[in-house]
Amino acid sequence: MKTLLAGLISLVTLAWGWDVLVAGSASGGSAPWVMRQEALYLSGLLSIALMSLAMLLAARPAWLEGPLGGLDRMYRTHKWAGILAVGFAALHWLIEMSDDILKFLFGREGRLPKGHDTGLLEILRDLAEDMGEWAIYAVLAMLALTLWKRFPYRPWRFLHQAMPVLYLMLAFHALLLAPVDYWAQPVGWLLALLLGGGVYGSVHSLAGHIGRSRRVQGKVVAVEHPAADIVAVRCQLDQGWRGHRPGQFAFVTFDRGEGPHPFTIASADHGDRTISFQIKALGDYTRSLADRVQPGQAVTVEGPYGRFDLDRRNPRAQQIWVAAGIGITPFLAWLESLQDNPGQAPVADLHYCTRDRKTDPFIARLETLCTSLPGIKLQVHGSRQGEVLTAAGMLAAKDRSRRAEVWFCGPQSLSEKLRKGLDATWPGNLRFHQEAFEMR
């Protein structure tokens, strides 16, 4: 994520710098006014470039899932591209508002001459300027609601559907107000490419085509309540389900008014188009799900997505698997998928962190699955029993001269704690895989 975002910012800055330094477009005014004008252009370019990337990623292009490490990381990149884009848009607006300050400090002398458009072009440019200003106000409000985690998901999702329209307004603003000389320079070619990707994502979204090729209908065939705060749902899907790899997730729609929500698939693929989900009550929607889902009701499943895949492990690396709470679901699918060929199961330590080992609904299932997999060493850590997982405990009896992999699924707080300990005790030859399972 950081590499992609930094690379895009660097590429846009270099293209802008080429226009300034090589093409020599920045001329005709005094230094303060030229600097303001070029800062206005650069902030606008960075904003629309990052927003274009965010809109393209929102379309869930399958060809990007592999290079970016899965849809979960694509959405994380989408989120931060949007945040940075709004930040540069706010800077762009502030620079635009600095006009009066420069007049006060330096006077009007040396001010860059304005273009003299006439007719339809003048009308369009004035419209583009107004549309860009109002769109910036709207995306600033949307960013505030996105970062305010207590704002309910359902109205946020409804408001978020306006983002493609706001992007098209900003794209129109950039297209009409970009300097004419840009289109004969690398900066213009790059801008055109980015606008094309962003417009594609926006139109794809407005047409309702996102994920359509991976969307399958089905019905709920069983609903169970293994614990007070967990509902287990098994679904039978229609023809068209392409199957899944253990550890992947899907967007599930039980209620069209609520829309799709991402859940990890907690079962292996047996070729019968039956999949299961273990859903924990973590928010308004999931807390009420137990009372709303009934056997026989229709369900829409879109997927599969994700790269938290058993087949992606390094067979030469020592395996350390860590799950906490409902983060055990991808590992349930992993273990279930190994039952048909236990001889091919890797040697791995599976650490499961739970609140109370005496009442946990998954331990019996884990023990049953691991019985036929002698290479999998299950270790349960119950916090109420005083059993706390540490990085040192994970690395006990491990050969630190060999490469190791940690596959983690659980709360971010535990991930950060373990990563910090691992960096201190095993700084090299260790790779940490984690689901970035946050879509907002």
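Small disclaimer: the values here were computed from a predicted structure and weren't measured.
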Which distance, rounded to the nearest 0.5 Å, do you find between the OH of Y305 and the CD1 of I265?
-> 11.5 Å
Taking all heavy atoms of L378 and all of E367, pick out the closest pair and write down the distance.
-> CD2-CG, 3.9 Å
side-chain hydrogen bond (donor to acceptor under 3.5 Å, both in side chains), paired with E405, selected from R431, R312, Q319, R313 = Q319
Closest non-hydrogen atom pair, A15 against L190 | CB-CD2, 4.2 Å
Does NZ or CZ of R419 fall inside the cone over F408's six-membered ring, less than 6.0 Å from its centre and within 45° of the axis?
-> no
Taking Q318 for the side chain and A404 for the main chain, is one N or O donor matched with an acceptor at less than 3.5 Å?
-> no
Donor-acceptor pair, side chain of R215 and main chain of T300, under 3.5 angstrom = no
Got a donor-acceptor contact below 3.5 angstrom from the S383 side chain to the R355 backbone?
-> yes
Run the salt-bridge test on R292 and D255 with the 4.0 Å N-O cut-off and return the result as yes or no.
-> yes
Per side-chain contact (heavy atoms from CB on, under 4.5 Å), S267 is matched among P246, C235, S276 by S276
Q339 side chain to L369 main-chain N or O, any donor-acceptor pair under 3.5 Å?
-> yes
Using a distance-only test with no angle check, is there a side-chain donor-acceptor pair under 3.5 angstrom linking D360 and Y352?
-> yes
Closest heavy-atom pair and its distance - L50, A85 = CB-CB, 3.7 Å
Parallel under 30°, tilted from 30 to 60°, perpendicular over 60°: which one fits the rings of W93 and Y137?
-> perpendicular
Take T329 and F263 through the test side-chain contact (heavy atoms from CB on, under 4.5 Å) and record every step on the way to the result.
-> CA-CA 9 Å; T329 49; F263 299 114; over 6 Å; no
Shortest non-hydrogen contact from G296 toward K219 = O-CB, 4.3 Å
Matching residue for F251 among R214, H261, E302 - test: side-chain contact (heavy atoms from CB on, under 4.5 Å) = E302
Would you mind reporting whether I83 and W80 have side-chain heavy atoms less than 4.5 Å apart?
-> yes
Quickly, which of M55, H204, M169 forms a side-chain contact (heavy atoms from CB on, under 4.5 Å) with P164? Name it, please.
-> M55
Can you tell me if S52 uses its side chain to pair, donor with acceptor, with the backbone of I48 under 3.5 Å?
-> yes
Are the side chain of T253 and the backbone of R256 linked by a donor-acceptor contact shorter than 3.5 Å?
-> no
Distance col, row H351:NE2 vs F331:CZ, nearest 0.5 angstrom, shows 10.5 Å
Atom of H92, atom of S43 and distance for their closest heavy-atom approach = ND1-OG, 3.2 Å
Considering only NZ, NE, NH1 and NH2 on the basic side and carboxylate oxygens on the acidic side, decide whether E336 and R365 come within less than 4.0 Å.
-> yes
Partner of D309 under side-chain hydrogen bond (donor to acceptor under 3.5 Å, both in side chains), picked from R245, H433, Q248, is R245
Are F308 and F249 close enough, and set up right, to give a ring-ring contact (aromatic ring centres under 6.0 Å, His included), and what steps lead you there?
-> CA-CA 9 Å; F308 199 83; F249 68 92; over 10 Å; no
Answer yes or no: is there a donor N or O on one side and an acceptor on the other, between the side chain of H225 and the main chain of V231, under 3.5 Å?
-> no
Decide side-chain contact (heavy atoms from CB on, under 4.5 Å) for L170 and I136; before the verdict, give the C-alpha distance in whole Å, the side-chain angles of both, and the deciding distance to 0.1 Å.
-> CA-CA 8 Å; L170 291 168; I136 287 176; 4.1 Å; yes
When rounded to the nearest 0.5 angstrom, what is the spacing between CG in D72 and OG1 in T77?
-> 9.5 Å
Between the side chain of N314 and the main-chain N/O of R316, is any donor-acceptor distance below 3.5 Å?
-> yes
Side chain D269, main chain H244, donor-acceptor under 3.5 Å | yes
Check for a donor-acceptor pair, side chain of Q385 on one end and backbone N or O of R357 on the other, with a separation under 3.5 Å.
-> yes
Could D349 and K377 be called an ion pair, given the rule that one side-chain N must be under 4.0 Å from one carboxylate O?
-> no
With a 4.5 Å heavy-atom cut-off, do R273 and Q239 have their side chains touching?
-> yes
Of all heavy-atom pairs between A333 and G247, which one has the smallest distance, and what is that distance?
-> CB-N, 4.0 Å
